[in-house]
Amino acid sequence: MEKILVLDFGGQYNQLIARRVREQSIYAEIKPYNKITVDQIVSEGYRGVIFTGGPNSVFDPLSPHYDPAILDAGVPLLGICYGCQLIAHMAGGVVSSADNSSEYGKIELDIRDHALFESIPGRSVCWMSHHDYISEAPDGFAVIASTDKCPVAAMCDDSRRIYGVQFHPEVTHTEYGRQILHNFLYNVCGCSGDWRMDSFIDDTVAAIRAQVGDKGVVLGLSGGVDSSVAAALISKAVGKQLTCVFVDQGLMRKDEGDFVEQTFTKLFDMNFVRINCQDAFLDKLKGIVDPEEKRTIIGTEFYRVFWDKIRESYGDGFFAQGTIYPDRIESGKGDASKIKTHHNQVGVPEDIHFEDVIEPLKDLFKDEVRAVGEKLGLPHDLVWRQPFPGPGLGVRVIGEVTAERVRILQEADAILRDEMDKNGYAPQMSQFFAVLPGVKTVGVMGDERTYCELVAIRAVTTDDFMTADWAKIPYDILGRVSNRIINEVDRVNRVVYDITSKPPGTVEWE
Ligand code: XMP
């Protein structure tokens, strides 16, 4: 399989670069700059290397540098932003810094005729984000693009197949960014594009079959996208040798537990074990109001129930989980030695011994996981499911979690979802849900005074959940949601809409 290395120098768009490469049907891996040598790059057969951007200046003695031998290793190289400056610096060019040299945002780019710019007009818009700039290209390099403030917006050494662009071709604001990457990958690196989801499914199914033989596989199914797609893939490979254990703690959205059960028992060949344990969870949560304490209790109880079941019935064979690529990527920033731990990667208790852990999605980005899920026939709602916190409604019922309060929230949330789906508004939202703040307010219904629960609606749009905007849902939709919740959900007499962005708010209320 053809592969491209995205060498991470700590930039914020590194995953985006890899995804853009994969969108062009070429497999891309991200590695921190200090975790792979030039010899490894050559021996592992990468078709090309992309140096990412990064927050540093090449003048800073602590900034990340790379072995200059890469320039003569015979592997095509594309530097982006900091990566471009680093190439210039390593190859003997001049990187400068001047107060008026910064460029941020959309900038007009003038290009010369070159294979890297095939099918791109002479003037177009690119996205810049830099302070330092290349004032003199290295010997042997030709300048192939410039902007008003940036004399070397792109440079190349065709004889060594080394290229650099000061702008960011990976972001959509660069009008022809996709074409530039395409030109690098296909014209310079000579890739043919052999990374496709169909072949991924066939190859992975074959590999799982070969690895598992006639043994069993057990997988913890949460009903989220990743574990669901992993389950569907493994089921395709080994059918009934797969057992999915679904711990339903009673803190999912209305009817969601049944939906998960029906999906996997009706559409897929596997053993499906559902453990209904709402009572046990609520018992543990009795009197607990602190959000972090609730999270800890729900997490601990979840794994206790799950591993007890495994010990009882499935403590041999293979263990599978829905780890995806972003869960495993090491960062090129600061201390790159630590691998990020993530809730998708579960530690197996020491007393349980599996032959091996199977992570069939470990090389995929989320959008690729979804594409696999669609191809495997998972329902659209499951494949495009919004993020849902592990502790579930436990952190959306503010304060103490009781069966009655979970019921009220589930009913209100189901109405919200129904209205957003009916209006076709749901796909525009990154996440939306109801919250039960635990506030009672006075109201009047008929001639009666009421003193009932308040429900809050939260809806956000975001690219990465690190920051988020509150969603500008049309008033008429909000009005219908409010009316229906008050009329249809017993014990609720008021609905409010949360208009807090993140920061300063968080997406969840707890
Ligand atoms: P916050 O509230 O931190 O949420 O702005 C950002 C994203 O993370 C989700 N979230 C969680 N997911 N366990 C999870 O698995 C949690 O404890 C948790 N808390 C928040 C939240 O739904 C949003 O998508």
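All ligand and atom numbering here is 1-based and tracks the order in the structure.
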Discussion item. Heavy atoms only: which of Lys502, Glu508, Gln386, Met466 lies closest to atom 3 (O) of ligand 1?
Written reply: Lys502

Worksheet item: Any chance the side chains of Gln431 and Gln386 put a donor and an acceptor closer than 3.5 Å?
Response: no

Worksheet item: Can you find a side-chain donor-acceptor pair between Glu23 and Trp195 that sits under 3.5 Å?
Response: no

Worksheet item: Taking non-hydrogen atoms only, is Pro391 closer than 4.0 angstrom to ligand 1 via side chain, backbone, both or neither?
Response: side chain

Worksheet entry | ligand 1 N/O within reach of Gln431 N/O, cut-off under 3.5 Å | yes

Worksheet entry | Numbered atoms and elements of ligand 1 in range of Pro387, under 4.0 angstrom, heavy atoms | 24 (O)

Worksheet item: Can Thr462 and Asp469 be counted as having a side-chain donor-acceptor contact under 3.5 angstrom?
Response: no

Practice prompt. Run the numbers for me: atoms of ligand 1, each under 4.0 Å from some heavy atom of Gly390, listed by number.
Written response: 13 (N), 14 (C), 15 (O)

Discussion item. Does the Lys NZ or Arg CZ of Arg253 fall within the cation-pi geometry relative to Phe388 - under 6.0 Å from the ring centre and within 45° of the axis?
Written reply: yes

Worksheet item: Does Arg22 count as lying over the ring of Tyr325, i.e. NZ or CZ under 6.0 Å from the six-ring centre, within 45 degrees of the axis?
Response: yes

